[in-house]
Amino acid sequence: MPSRDCEPVLSIPPTRWYRSLASAGLREPSVHGPARYWLKVEGSFTRAIQRECHNAFHVEVRHEGFAQPTLEEARRLKIPLRQKAWIREVRLCGDGHPWVLARTIIPLNCLSGRNRVLLNLGNKPLGAYLFSSPQWRRGPLETGICEPQGPGQPRLARRSAFHHGECSLLVGEYLLPILYR
Ligand SMILES: C=C(O[C@@H]1C=C(C(=O)O)C=C[C@H]1O)C(=O)O
């Protein structure tokens with residue numbers, strides 16, 4: 001459905017996750033096309049996007065608060081299925097336009113001590129925090145195939161957990177076609 005300014009309403013689509021790019025490629029060969037670089041790029045995704053911007057990069061917070069993760073997310077994080085988590089949904093914008101939608105699930109056990117700053121990130125990129133602290137380690141990257149939602153919506157995504165001692169949080173990044181076409 002178009003919004004008032006005629007840009008599509010962007011939303012995080014239902015997504016099927018695969019353990020590797022190769023296994024996702026058996027279902028959706030386009031993962032090996034121009035999006036491949038973004039599905040695989042290591043290190044901070046924020047930094048990778050900043051390198052592509054001609055002018056400005058910014059994070060736009062869409063929703064942030066305690067909410068129920070999906071069943072699949074709760075299982076992936078091994079947290080109680082009905083336990084709320086801090087859920088952050090943002091747009092990563094390059095040169096004034098959204099390039100990536102991101103959804104992060106931060107379980108309650110990740111919100112104590114120094115990590116309480118995660119409740120107050122606002123427009124500061126999460127990656128800057130995670131990658132500035134040597135205690136956070138990233139797990140393997142998954143590749144996501146999104147259910148098609150229409151032109152301009154994400155079709156491909158990537159996801160990984162970040163671990164710090166006993167806590168794990170889950171970061172999903174949904175590529176908008178404008179990023180790689
Ligand atoms: C995990 C990173 O953080 C990025 C910033 C996010 C945020 O601010 O919510 C979400 C997803 C990321 O792409 C990163 O830069 O790699």
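The structure presented is a predicted model; accordingly, all values stated were derived computationally and were not measured.
Side-chain heavy atoms closer than 4.5 Å link hydrophobic residues (I, L, V, M, F, W, Y) into clusters, and following such links, possibly through other members, connects Trp17 to Leu101. A single hydrophobic cluster is seen to contain both Leu21 and Val100, as judged by linkage of ILVMFWY side chains at heavy-atom distances under 4.5 Å, directly or through other members. Residues Leu176 and Val41 share a single hydrophobic cluster, defined by chaining ILVMFWY side chains whose heavy atoms lie under 4.5 Å apart. Neither Trp136 nor Ile105 shares a network with the other; the hydrophobic side chains, linked directly or stepwise wherever heavy atoms of I, L, V, M, F, W or Y lie under 4.5 Å apart, form separate groups for each. Taken together through direct or relayed side-chain contacts under 4.5 Å among Ile, Leu, Val, Met, Phe, Trp and Tyr, Phe45 and Ile12 form part of one hydrophobic cluster.
By the 4.0 Å N-to-carboxylate-O rule, Glu28 lies too far from Arg155 to be salt-bridged with it. Remark: Glu64 engages Arg88 in a salt bridge, criterion side-chain N to carboxylate O under 4.0 Å. A salt bridge links Glu72 with Arg159; the closest basic N to acidic carboxylate O contact falls under 4.0 Å. Using a cut-off of 4.0 Å between Lys/Arg side-chain N and Asp/Glu carboxylate O, Glu142 and Arg76 are scored as salt-bridged. Using a 4.0 Å cut-off between a side-chain N of Lys or Arg and a carboxylate O of Asp or Glu, Arg62 and Glu60 qualify as a salt bridge.
Using a 4.5 Å cut-off on side-chain heavy atoms (C-beta onward), Asn123 and Val61 make contact. Between Ile79 and Pro69 there is a side-chain heavy-atom pair separated by less than 4.5 Å. In this structure the side chain of Arg91 never reaches within 4.5 angstrom of the side chain of Val59, judged on heavy atoms. Within the 4.5 Å cutoff, side-chain heavy atoms of Leu39 are placed close to those of Leu175. At a threshold of 4.5 Å between non-hydrogen side-chain atoms, the residues Leu92 and Pro98 do not count as touching. Inter-residue side-chain proximity for Tyr174 and Leu156 is flagged as unmet; no heavy-atom pair is nearer than 4.5 Å. Contact check for Val117 versus Asn115: no side-chain heavy atoms found under the 4.5 Å cut-off.
A distance-only check finds no donor-acceptor pair linking the side chain of Asp95 to the backbone of Cys53 [under 3.5 Å]. Side-chain N or O atoms of Ser44 include one that pairs as donor or acceptor with a backbone N or O of Thr46 at under 3.5 Å. Side chain of Gln153 to backbone of Ser11: a donor-acceptor contact under 3.5 angstrom is found.
The heavy-atom pair separating Tyr18 from Ser23 by the smallest distance is CB-OG, 3.6 Å. Nearest heavy atoms, Trp99 versus Gly94: NE1-O, 3.4 Å. Of all non-hydrogen atoms in Ser20 and Thr143, the two that sit nearest each other are C-OG1, 3.8 Å. The two atoms that bring Leu118 and Cys110 nearest to each other are CD1-O, 3.9 Å, heavy atoms only. Considering all non-hydrogen atoms of both residues, Ser168 and Leu77 come closest at O-CD2, 3.4 Å.
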Steps toward side-chain hydrogen bond (donor to acceptor under 3.5 Å, both in side chains) verdict (Ser133, Gln135):
CA-CA 5 Å; Ser133 160; Gln135 284 130 340; 3.1 Å; yes
Going through the checks in order, is the ring pair (Phe, Tyr, Trp, His ring centres under 6.0 Å) test met by Phe131 and Phe162?
CA-CA 10 Å; Phe131 286 94; Phe162 287 79; 5.8 Å; yes
Arg138/Ser160 under side-chain hydrogen bond (donor to acceptor under 3.5 Å, both in side chains): CA gap, chis, key distance, verdict
CA-CA 7 Å; Arg138 171 184 252 158; Ser160 53; 3.0 Å; yes
Using ring pair (Phe, Tyr, Trp, His ring centres under 6.0 Å), reason through Tyr180 and Trp38 one step at a time and then give a plain yes or no.
CA-CA 8 Å; Tyr180 55 88; Trp38 294 103; 8.9 Å; no
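In this structure, CD on Glu166 lies 8.0 Å from CG on Asn109, to the nearest 0.5 angstrom. Interatomic distance, CZ of Arg103 versus OG1 of Thr15, reported as 10.0 Å (0.5 Å rounding).
With sequence neighbours left out, Arg36 forms a salt bridge (charged side-chain N to carboxylate O under 4.0 Å, His left out) with no residue at all.
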